[in-house]
Asker: 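Encoded as C-alpha cells, here's the structure I'll be asking about.
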Amino acid sequence: MRDTEARELADRLDEEADDLEHRSEELEQRTEAVSREWAQKRSDPKVPGAPPEDDDDEGDDDEGWDDPDEDEDEDEDEDDE
C-alpha cells in the first residue's frame, strides 16, 4: 500500500510542477506584453504620466522607484542615535 501512496504523491507533485511551470510561462508572457505596452506609452508624448525613457536609464534595471517611506525610515534611524 505504501508504494501506491508514494506513486500517487509523486504523480500529484508532477502535476503541480507542470501547473506551476504553465502558470510561470503565462506570467512571463503577460509581463512581456505589459513591458511592450509601457514602452509604447512612454514613446507617446500624449500619454500623461508616462515620461519618455532617459538615455542614461538604460541598463539600470536594478534600480526601482524611489520609495517615499524610505526617507522616513532613515530619519527614524538618525533619531535613535
Side-chain angles (χ1 to χ4, degrees):
M1 198 61 126
R2 285 188 159 184
D3 189 39
T4 304
E5 292 173 1
R7 274 191 240 139
E8 289 175 359
L9 177 61
D11 289 343
R12 277 190 306 211
L13 292 175
D14 283 341
E15 289 174 12
E16 185 176 344
D18 290 343
D19 181 54
L20 290 172
E21 183 178 359
H22 177 72
R23 291 169 55 189
S24 176
E25 290 170 358
E26 287 179 345
L27 180 60
E28 182 180 2
Q29 290 172 358
R30 289 195 325 232
T31 302
E32 289 172 356
V34 168
S35 180
R36 284 191 302 270
E37 180 183 3
W38 179 241
Q40 180 183 12
K41 288 180 178 180
R42 288 187 85 170
S43 66
D44 186 351
K46 297 176 188 171
V47 177
E53 188 170 350
D54 294 336
D55 290 337
D56 39 301
D57 281 350
E58 289 183 18
D60 290 343
D61 292 338
D62 294 358
E63 293 184 26
W65 63 286
D66 291 332
D67 187 354
D69 295 332
E70 187 174 281
D71 293 336
E72 291 176 14
D73 293 340
E74 289 175 6
D75 292 341
E76 289 175 8
D77 292 341
E78 291 173 7
D79 293 340
D80 292 339
E81 291 177 8

Asker: Working note: Asp19 + Arg23, criterion salt bridge (charged side-chain N to carboxylate O under 4.0 Å, His left out); need CA distance, chi angles, decisive distance, verdict.
Answerer: CA-CA 6 Å; Asp19 181 54; Arg23 291 169 55 189; 3.6 Å; yes
Asker: Would you give the length of the straight line joining atom CG of Leu20 to atom CG of Leu13, rounded to the nearest 0.5 angstrom?
Answerer: 10.5 Å
Asker: Nearest 0.5 Å, what's the CD-CG distance between Glu32 and Leu27?
Answerer: 10.0 Å
Asker: Do Arg12 and Glu16 meet the salt-bridge criterion of a basic N to acidic O distance under 4.0 Å?
Answerer: no
Asker: Check Pro45 against Ser43 and note the closest heavy-atom contact, atom names and distance.
Answerer: CD-O, 3.4 Å
Asker: As an exercise, state the distance from CD of Glu5 to CZ of Arg2, rounded to the nearest 0.5 Å.
Answerer: 7.5 Å
Asker: Has the side chain of Ser35 got a donor or acceptor atom that lies under 3.5 Å from a matching backbone atom of Thr31?
Answerer: no
Asker: Could you give the distance from CD (Glu26) to CZ (Arg30), rounded to the nearest 0.5 Å?
Answerer: 7.0 Å
